[in-house]
Amino acid sequence: MKTSYNLTKILNLSAPEAAPRLLGWELVRSTPKGEIRLKIVETEAYHQADPASHSHRGATTRTAPMFEQGGRLYVYFIYGVHYCLNIVTGPKGSGEAVLIRAGEPIDGVELMRKNRSITDIHKLANGPAKLTQALGINDTKLSGEVLSELSISLKPPATKITRSDILVSSRIGIKRAVDELLRFSIKDNKYISGV
DNA sequence: TTCCCGATTGTA
DNA sequence: ACAATCGGGAAC
């Protein structure tokens, strides 16, 4: 029996509902230098009622994309050094997004190695800022963009991820709402973040 | 306009 | 354990 996937449906869910459902999807990044493909293996959800979320105090210039209709990208600059990539979810007006924390390299591995200046395939995208480095994202230009074949798009999972394949845990690197179980990863996957 | 600190990473 | 290094946003 064929499994059907409905991306639009997932992107219209709240971030906590969408985050586990995005595991296994393949993130495809098109660049002039070639195509990069990563299997999403770790995500975190951030929503408006969540004090740890950038959207918690309402929309600002930076966080405006989080309040758009699901299906856009939200890219932010952090620690004066790094960029992180989110997929915006939910209806227009609700400030929520799913942080893509780690990916398993599927295609464009040599390009990622070049972007990251390392060779170990397990460390190419096993962290939110490592993942953007691997994808060649060095600015916030993509923030607010709609998912598109021309930049970044999502393709259905090659193998189905079921509830029992998913590990739920607390989010990394935050100081508020630390007990919320909003981090999702594929159990036993070798490409999740080290922390 | 000043000031604090972060959804991280790589090195010491 | 800690520096790197910047801009968002709260506070003054």
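Residue numbers begin at 1 in each chain, while the letters A, B, ... track the order of the sequences.
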### Query
For A:Asp120 and B:dG10, what is the distance between atoms CG and C1' respectively, to the nearest whole Å?
14 Å
### Query
Will you find, in the side chains of A:Ser193 and A:Arg183, an N or O donor that is under 3.5 Å from an N or O acceptor?
yes
### Minimum-distance nucleotide to A:Pro128 side chain [options: B:dA7, B:dT9, C:dG9]
B:dT9
#### Entry: Whole-Å C1' distance, B:dG10 and C:dG7
22 Å
### Query
Using a cut-off of 4.0 Å on non-hydrogen atoms, how would the nucleic acid contact of A:Ala52 be classed: base, sugar-phosphate, or nothing?
base
### Query
Are A:Arg37 and A:Val28 close enough, and set up right, to give a side-chain contact (heavy atoms from CB on, under 4.5 Å), and what steps lead you there?
CA-CA 5 Å; A:Arg37 195 176 277 245; A:Val28 183; 3.8 Å; yes
### Task
Using whole Å, report how far CZ of A:Arg62 lies from C1' of C:dA10.
13 Å
### Carboxylate-amine/guanidinium proximity below 4.0 Å for A:Glu149 and A:Lys155
yes
### Query
C:dG8 phosphate, OP1 or OP2: any side-chain N/O from A:Thr60 under 4.0 angstrom?
no
### Task
Report the nucleotide, chosen from C:dG9, C:dA10, B:dA7, that has the shortest atom-to-atom distance to any side-chain atom of A:Thr63.
C:dG9
### Task
Examine B:dG6: is either OP1 or OP2 under 4.0 Å from a nitrogen or oxygen in the side chain of A:Lys175? Give yes or no.
yes
### Query
In whole Å, what is the span from the CZ atom of A:Phe184 to the C1' atom of B:dA7?
14 Å
### Task
Report the C-alpha separation of A:Tyr74 and A:Glu68 in whole Å, then their side-chain angles, then the decisive distance to 0.1 Å, and conclude whether the side-chain contact (heavy atoms from CB on, under 4.5 Å) test is met.
CA-CA 10 Å; A:Tyr74 169 50; A:Glu68 290 296 325; over 6 Å; no
#### Entry: Partner nucleotide of B:dT9 by Watson-Crick or wobble geometry (both distances under 3.5 Å)
C:dA3
### Task
Measure the distance from CE on A:Met66 to P on C:dG9 and round it to the nearest whole Å.
11 Å
### Task
Quickly work out the A:Arg57 CZ to C:dA11 C1' distance and round it to whole Å.
12 Å
### Task
Kindly point out which of B:dA7, C:dA4, B:dG10 is positioned nearest to the side chain of A:Val81?
C:dA4
### Cation-aromatic face contact A:Arg171/A:Tyr46, 6.0 Å, 45 degrees
yes
### Query
What is the distance, rounded to the nearest whole Å, between atom NE2 of A:His54 and atom C1' of C:dA10?
15 Å
### Query
B:dT8, C:dC6, B:dG6: which one has an atom nearest the side-chain heavy atoms of A:Arg101?
B:dT8
### Query
Given atom OH of A:Tyr79 and atom P of B:dC5, what is their separation to the nearest angstrom?
12 Å
### A:Tyr76 (side chain) and B:dA7 (base): donor-acceptor pair under 3.5 Å
yes
### Task
Nearest whole angstrom, please: distance from the C1' of B:dA7 to the CD1 of A:Ile100.
12 Å
### Message
Applying a 4.0 Å non-hydrogen cut-off, can you work out what A:Leu99 is touching in the nucleic acid: base, sugar-phosphate, or nothing?
### Response
base
### Message
Under 4.0 Å, counting only non-hydrogen atoms across every strand here, what does A:Arg116 touch: a base, just sugar-phosphate, or nothing?
### Response
sugar-phosphate
